[in-house]
Number of protein chains: 2
Amino acid sequence: MEKRFTRYASIIDRQSKSYYDRALKEYKIGCGQQFFLLWIYESPGVPLTVLSEQGRFDKGTTTKAVQKLKQLGYIRSEQDEKDKRMQKLFVEEKAIPVVEKIYAVREKINSLLSTGFTKEEEALAGIILKKMSENAGTYLTENK
Amino acid sequence: MEKRFTRYASIIDRQSKSYYDRALKEYKIGCGQQFFLLWIYESPGVPLTVLSEQGRFDKGTTTKAVQKLKQLGYIRSEQDEKDKRMQKLFVEEKAIPVVEKIYAVREKINSLLSTGFTKEEEALAGIILKKMSENAGTYLTENK
DNA sequence: ATAATATAGTTGGGTATGCAACGAATTTTG
DNA sequence: CAAAATTCGTTGCATACCCAACTATATTAT
């Protein structure tokens, strides 16, 4: 059978991004910030490196997303006392409505993506995609 | 269960793109052209609109990828006689080694992505991802 | 302790991509 | 048939992203 995993992943990713962009426009952020804002919300004080690792983003990408969130006043950073290179990130009050909106949009997108799936298929999809993304991180990267 | 389909799709897509970029560097193309070159190879005379639809790419994205392939001499276009707006696309001899390379890389990526999968899981992954990408095209887009 | 290495984060540059506005050709409508 | 609407493709602009080079701080090795 012809496998076309990447083609499907690409379509899912692009369409989801476009949906996020439309849904978050009113908050002045795009698809590129949602992941980071929620992660900071869920892990107060998280440093940039951890964000990069968790999303498998380049450090530069993470820096720029974080800068945008900071400019908008949605997060703030504190320098770590012990390691002065490290910035600990926190969500600001102002961002709470945005966080809630992102959760809702994420939920919506994920349920639209699994339209017509049985409960079993949906669970299986989660497991398979997780495994595949782990493989991507392990076997498709240059280093490691 | 918490669904995170988009996160996984995003990682798979980004890592695959990076792999394509590294693997195709010697041919002066990047991840953004592989889909189009193969499709033109498999469907001689295909117009730009069909490429856009099949990959669910924006028309502008398709135009730019096609322009790059043309500049490199990998494809040529012919104006349709009946409908003068339409460009029919064809692969040039020069591109054959590139086409073969892309097939090999695609195969490699897809097999790396399914590392550790049973035959059943692999087949299931294809079915589920296909379905999900169709849902993305149907339910996540603005129009239609 | 000092030199070599490693790590956190930033920056500059390039590619991929979507979106909106456009021009040209075609089709549909009244 | 002429005007309006649609369709094919292009272009300009903006965002997301990776990569490589860099600074500053921290850690390890000699």
OP1 or OP2 of C/dA25 sitting under 4.0 Å from any side-chain N/O of B/Gln79? no
D/dC19 phosphate, OP1 or OP2, under 4.0 Å from B/Ser18 side-chain N/O: yes
Interatomic distance, [X] [atom1] vs [N] [atom2] [rounded to whole Å]:
{"X": "A/Gln34", "N": "D/dA16", "atom1": "CD", "atom2": "P", "answer": "10 Å"}
{"X": "B/Tyr20", "N": "D/dC18", "atom1": "OH", "atom2": "C1'", "answer": "17 Å"}
{"X": "B/Phe36", "N": "C/dT15", "atom1": "CZ", "atom2": "P", "answer": "16 Å"}
{"X": "B/Arg56", "N": "C/dC19", "atom1": "CZ", "atom2": "C1'", "answer": "17 Å"}
{"X": "B/Ile11", "N": "D/dC17", "atom1": "CD1", "atom2": "C1'", "answer": "14 Å"}
{"X": "A/Asp13", "N": "C/dA16", "atom1": "CG", "atom2": "C1'", "answer": "12 Å"}
{"X": "A/Arg14", "N": "D/dC17", "atom1": "CZ", "atom2": "P", "answer": "14 Å"}
{"X": "A/Leu51", "N": "D/dC17", "atom1": "CG", "atom2": "P", "answer": "13 Å"}

Using the salt bridge (charged side-chain N to carboxylate O under 4.0 Å, His left out) rule, collect all pairs that involve residues 61-76 of chain A, keeping only residues at least two apart or in two chains. A/Arg76-A/Glu78, A/Arg76-A/Glu92
Under 6.0 Å from the OH atom of A/Tyr19, do we count more than 12 heavy atoms belonging to anything else shown? yes
Apply ring-ring contact (aromatic ring centres under 6.0 Å, His included) to B/Phe35 and list each qualifying residue two or more places apart in sequence or on a separate chain. B/Trp39, B/Phe57
Counting any heavy atom closer than 4.0 Å, what does B/Gln15 reach on the DNA or RNA strands: base, sugar-phosphate only, or nothing? nothing
Does A/Lys82 reach a base, just sugar-phosphate, or nothing at all? Heavy atoms under 4.0 Å. sugar-phosphate
If you assign B/Lys17 and B/Glu81 each to the DNA chain C nucleotide with the nearest heavy atom, which residue ends up on the more 5' nucleotide? B/Lys17
Verify, without hydrogens or angle tests, whether B/Lys17 (side chain) and A/Ser10 (backbone) share a donor-acceptor contact under 3.5 angstrom. no
Tell me if a side-chain donor or acceptor on B/Ser133 pairs with a main-chain N or O of B/Lys130 at a distance below 3.5 Å. yes
Whether each nucleotide of nucleotides 8-14 of chain C has a protein heavy atom under 4.0 Å at its base (B), only at its sugar-phosphate (S) or at neither (-) is summarised, 5' to 3', as SBBBBB-
Which heavy-atom pair separates B/Gly30 from B/Leu24 by the least distance, and what is that distance? O-CD1, 4.1 Å
Check the pair B/Lys25, B/Asp21 against side-chain contact (heavy atoms from CB on, under 4.5 Å), reporting the backbone distance first and the verdict last. CA-CA 6 Å; B/Lys25 192 177 285 176; B/Asp21 279 341; over 6 Å; no
